[in-house]
Amino acid sequence: MSVPWPRGVPRIPARFPWGGWPPSWPSEAWGLSFDPEALDGSPFLIQSVDPTQSCDPTGSVLDSPLFRSFHAASRTTHRSRMSRAYDHHAVEAKWQAYWDQHRTFRATEDPVRPKFYCLDMFPYPSGSGLHVGHLEGYTATDIVSRFKRMRGFNVLHPMGWDAFGLPAEQYAVKVKTGIHPAQTTAQNIATFKRQMKRVGLSYDWDRELSTTDPDYYRWTQWIFLKLFERGLAYVAEVPVNWCPALGTVLANEEIVDGRSEVGGFEVIRKPMRQWVLKITAYADRLLEDLKLVDWPASTLEMQKNWIGRSIGADVEFALAGVAGSVRIFTTRPDKLFGATYMVLAPEHPLVEALTPPDRRGEVQAYRDAAARKSDLQRQELDKEKTGVFTGGYAINPVNGERLPVWIADYVLMSYGAGAIMAVPAHDQRDWEFARRFALPIREVIAGGAIDKEAFVETERGTVINSTTPDGSFSIDGLTPADAIPKITAWLEGRNTGRKAINYKLRDWLFARQRYWGEPFPILWVDGEARPLPEEQLPLMLPETSDFKPSGTGESPLANLADWLATTDPRNGQPARRETNTMPQWAGSCWYYLRFIDPKNSRQLIDPAQERYWMPVDLYIGGSEHAVLHLLYSRFWHKVLYDVGVVSTPEPFLKLVHQGIVLGEDNQKMSKSRGNVVNPDDMIDRFGADAVRLYEMFMGPLEAMKPWSTRGVEGVTRFLDRTWRLMVADDGSLSPAVTSAEPALASQRILHQTIKKVTEDIEALRFNTAISHMMVCTNEMTKLETRPRALLAPFAPHMAEELWERLGHRQSLAHEAWPAFDPALTVSDRLTIPIQVNGKLRGKIDVGLEASQAEVERCALDEVASTLQGKTPKKVIYVPKKLVNFVV
RNA sequence: GCGAGAGUGGCGGAAUUGGCAGACGCGCGAGACUUAGGAUCUCGUGGUUAACCCCGUGGGGGUUCAAGUCCCCCCUCUCGCACCA
């Protein structure tokens, strides 16, 4: 079967060193250039290229000051031989300007073509600029985008800025610069954008957006109103993580090892009035719909764990001597008969009612101590369990026993019901606690050695000692797996328990006491939260020069009296504005939608365009967002789905995390280690194409790997070689372009390379794709012919330049990707390894059609000396693979 | 402790429906061209060896004609969660 070569073609690569000397390669003619256009027919034709048309010896490149100075330097140092090397500065600048001018990468809806939405996690524009780690992910998506364009896809590849957030505000306050965060942010964005353009990333800049732009956060606020309308945003007095040093409340996710992620300050528990989003209402869907996406296994696992769904039962224990009951959640109702005491979280509301007057002092002391402890301290104390007896008792519903009720901080108020039944025989924590306080341990699952350790396996063992006192109900003799549904049904029948599903996931603390964030579109009237009418959005972030926290726990906005006091537009009542701002996650929750329709002033997004572009086909970003951003984003997306704004249940179809790039010393890059690699330096020295190529050549995209500047030099040499395949020493296109037909061997290499590169890009195996292009270039150099490597997505600048020199007038960005002929990817000769007893003893070269008998005969000859006349007992023949003689 | 992933030359890494281990690149060695070479080009480069043999994919067993790849046990590293009832 012969596949016609699509109209587009190849491009060639090559590149040359950073500033130095021109290469002095012999100036003899080198091979030919294949013109893809000519390949439509069966034979592999070569079309001559008219040098007068394709070469531009006086064009912008050669005219550039850079080249001229380089030229002059070469002349003086180089004497007789003058040649022109690839000048990455000039060529890259030229094509970047061309792409800008022609808006080459602008995406417009086109119902005829298939779409491909290729998205990077947009960055927080920090003051330090892009680092080589950013570049890894951006280069990957850029290669895929360029590749897909050439494959006929309508590609949406946008970029924007997640620009609200603490650092810019801290820069004004903590560093005492007083510089407005808006100003810092604008500068940083300019730096990022300049750097991105220098790398040759093919974004559609017409769609650029920033979360700090009122036209953008207007819709962030709009989404909040939708959440509010649906009861998914509410205010609660909740214990929060208060960081005195930062003067703000932090989310759980912003705390690492009990200290603030930013700055490492102490964090304590403090009850406060907070906005909370009811993400728990979507817990099931967030879990279930993970089945719909193609994400890394580790990320799926982390999301599942974070949601933490567990199935069990709620069970009511009546209080002894006091009205009411305490509810517990357990995944193991089969162990109810083994409960010997109960434990409440210190914060549990029933503690007061349960504690008789003579125990109050001790109980209160313990509760106070627990409240004062930070999370860090609680964790440190995990060596030995602490707790006190409340003096109260509860009744075990299965056997009427009186169980002493304790409080202990190993029981968390925030999980389940904040209370447990303790079954020390079969729970490690309860076992330790019971040992410490000499509480009874009763075995109800046979199979372990409970005097030595808790027996916790559900899969093994048999239930014992589990019959009601009156003998009317028993689960004795059952396996735990069978006992659980039986006792759950029994509890339900007696109305003392029921099947229950519990989640680790908690509602999302959504408020921050900061200036540089989205203001809430909420007014307070008579202590009641009222939404701002949609028409009044955006609620602008007020101007100020004082970004310090108010100190009372309110944000800097609380200092702005004029802004604060307003009236309810519905009835003119005096109102006070909400002073909290939204967390940084808010803006990043839905930015991928706005890229689709960034200028729409009437709607968040046009429904038709949303249906065309969504979902995101490929999303690349760091694994540090495996849970938070990706979970919050999915939550908002599902709400918008319910609201009718989006048409897909999940936003991101395929997700990939790029690995971390380490410093040359194999350590994490950090300023303090002094091993940070600056992309600008690298591009100055080697050019953007070389840096892009190296980023991808380092290793698998998802792996953590060290930077090597030597390695960049290596790919630079490859680019140089490729350039020289096409361009003669004097800077003109190689004059030896003829109409001769290239050897079959060349065609094979070419087609094999096209095949490999095509498949590797599809599978995001960029390192092996590059390696094959290198093989191709190396082979072509030897053969003195000119093939193309499929370089355009990887080294777009050089590819454009070569493309132009081949006589093309238009950017190759939308040219068709070359196809390969499968027939040409296989050789007509095979090298078959010959083994004796499984060890390699020789190789033979046979024709493709060689029969088994022929191959075996040749093979025998080949290893005759090893066999020493012995006759093989057995011959293993794997067609086209190998022959193995067993003697 | 629990969960997930990974261990291959001096280095980054190729190769897993079991079938030539080390592609490609770095580094290193030799040579060519040079007044020169930190440029470029050519050849070589897992260990051992004069050569053959032999040994080699974290360690130890096993299955197989054949194991980096499959099975069992162990070690190490990375990431995540860490009293979640």
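Atom set for the values below is all heavy atoms of this structure, side chains included, hydrogens, waters and symmetry mates excluded.
Under 3.5 Å, the side chain of A:K873 and the base of B:C65 form no donor-acceptor pair of N or O atoms.
Two residues, A:M302 and A:P833, neighbour RNA chain B, and the one matched to the more 5' nucleotide by heavy-atom proximity is A:P833. In terms of position along RNA chain B, the nucleotide closest to A:G699 lies nearer the 5' end than the nucleotide closest to the other residue of the pair A:G699 and A:I770.
A distance of 10.0 Å separates OG1 of A:T340 from CG of A:N396, quoted to the nearest 0.5 Å. Here the CE atom belonging to A:M704 is positioned 4.0 Å from the CD1 atom belonging to A:I660, to the nearest 0.5 angstrom.
Within the 4.0 Å cut-off from OP1 or OP2 of B:C41, at least one side-chain nitrogen or oxygen of A:R724 is found. Look at A:K504 and you won't find any side-chain N or O under 4.0 angstrom from OP1 or OP2 of B:C83. Contact between the side-chain N/O atoms of A:R721 and the OP1/OP2 oxygens of B:U40 is not found at any separation under 4.0 Å. Within the 4.0 Å cut-off from OP1 or OP2 of B:C26, at least one side-chain nitrogen or oxygen of A:R717 is found.
Checking B:C11 for Watson-Crick or G-U wobble geometry (two distances, each under 3.5 Å) identifies B:G25 as its partner. When both pairing distances are held under 3.5 Å, B:G18 makes no Watson-Crick or G-U pair with any nucleotide shown. In this structure, B:G5 forms a base pair with B:C77, meeting either the Watson-Crick or the G-U wobble geometry with both donor-acceptor distances under 3.5 Å. B:A50 makes up no base pair with any nucleotide shown, lacking Watson-Crick or G-U wobble contacts both under 3.5 Å. Using Watson-Crick or G-U wobble geometry with both donor-acceptor distances under 3.5 Å, B:A66 finds no partner in any strand shown. In this entry B:U35 has no Watson-Crick or G-U wobble partner, no candidate having both defining distances under 3.5 Å. Using Watson-Crick or G-U wobble geometry with both donor-acceptor distances under 3.5 Å, B:U42 finds its partner in B:A30.
Between the CG atom of A:N778 and the C1' atom of B:C41 there is a distance of 12 Å, given to the nearest Å. To the nearest angstrom, C1' of B:A66 lies 17 Å from OH of A:Y877. Whole-Å rounding puts the A:E779 CD to B:C24 P distance at 9 Å. Atom CE of A:M421 is separated from atom P of B:C83 by 20 Å (rounded to the nearest Å). Here B:C83 presents its C1' atom at 16 Å from CG of A:N305, a figure rounded to the nearest Å. Protein atom CZ of A:R841 is 11 Å distant from nucleotide atom C1' of B:C52, rounded to whole Å. B:U64 atom C1' lies 13 Å from atom CG of A:L882, rounded to whole Å. Rounded to an integer number of Å, the gap from A:I834 CD1 to B:G19 P is 17 Å.
A salt bridge between A:E432 and A:R436 is absent, with no side-chain N of the basic residue lying under 4.0 Å from a carboxylate O of the acidic one.
In terms of modelled atom types and a separation under 3.5 Å, the side chain of A:K705 and the main chain of A:P700 share a donor-acceptor contact. Checking side-chain atoms of A:Q303 against main-chain N and O of A:A626 turns up a donor-acceptor pair under 3.5 Å.
Among B:G13, B:C20, B:C24, the nucleotide with an atom closest to any side-chain atom of A:L840 is B:C20. Listed candidates were B:C84, B:A85, B:G27. Nearest to the side chain of A:E713 is B:G27. Nearest to the side chain of A:V886, among B:C65, B:C83, B:C24, sits B:C65. Of the candidates B:A85, B:G25, B:G19, the closest approach to any side-chain atom of A:T331 belongs to B:A85. You'll find that the side chain of A:T768 is closest to B:A15, out of B:G13, B:A15, B:G25. Among B:C65, B:G25, B:G13, the nucleotide with an atom closest to any side-chain atom of A:K874 is B:C65. The side chain of A:M774 has B:G25 as its nearest neighbour among B:C84, B:G13, B:G25. Nearest nucleotide to the A:K385 side chain, out of B:C55, B:A15, B:C83: B:C83. Of the candidate nucleotides B:C55, B:G12, B:A85, B:G12 has the atom lying nearest to any side-chain atom of A:K705.
Using a 4.0 Å heavy-atom distance criterion, A:N884 is classed as a base contact. Using a 4.0 Å heavy-atom cutoff across all strands shown, A:R309 reaches no nucleic acid atom at all. A:V878 comes within contact range of at least one nucleobase, with a heavy-atom separation under 4.0 Å. Among the atoms of the strands shown, base atoms are found under 4.0 Å from some heavy atom of A:Q835. Counting non-hydrogen atoms under 4.0 angstrom, A:N767 reaches the backbone sugars and phosphates but no base. Nucleic acid contact class of A:R710 (heavy atoms, under 4.0 Å, all strands): sugar-phosphate only. Nucleic acid contact class of A:M704 (heavy atoms, under 4.0 Å, all strands): sugar-phosphate only.
With both ends at atom P, the span from B:A21 to B:C55 equals 13 Å, rounded to whole Å. Between B:C20 and B:G12, the distance separating the two P atoms is 24 Å to the nearest Å. Rounded to whole Å, the C1' atom of B:C77 lies 15 Å from the corresponding atom of B:G59. Only the P atoms considered, B:U76 is 16 Å distant from B:G60, to the nearest whole Å. Taking atom C1' in both B:U45 and B:C11, the straight-line distance is 14 Å, to the nearest Å. Straight-line distance between the C1' atoms of B:U69 and B:G7: roughly 14 Å, to the nearest whole Å. Separating the P atom of B:G68 from that of B:C54 is a span of 16 Å, rounded to the nearest Å. For the C1' atoms, the distance from B:G31 to B:U48 is 26 Å, rounded to whole Å.
Under the 6.0 Å cut-off for aromatic ring centres, A:F433 and A:Y341 qualify, their centroids lying closer than that.
A side-chain donor from one of A:D507 and A:T280 sits under 3.5 Å from a side-chain acceptor of the other. Donor-acceptor pairing under 3.5 Å is lacking for the side chains of A:T139 and A:E695.
Side-chain contact between A:M696 and A:I770 is present, with at least one heavy-atom pair separated by less than 4.5 Å. Using a 4.5 Å heavy-atom cutoff, the side chains of A:V388 and A:I407 are in contact.
Taking syn as a glycosidic angle within 90° of 0, B:G5 does not qualify and is anti.
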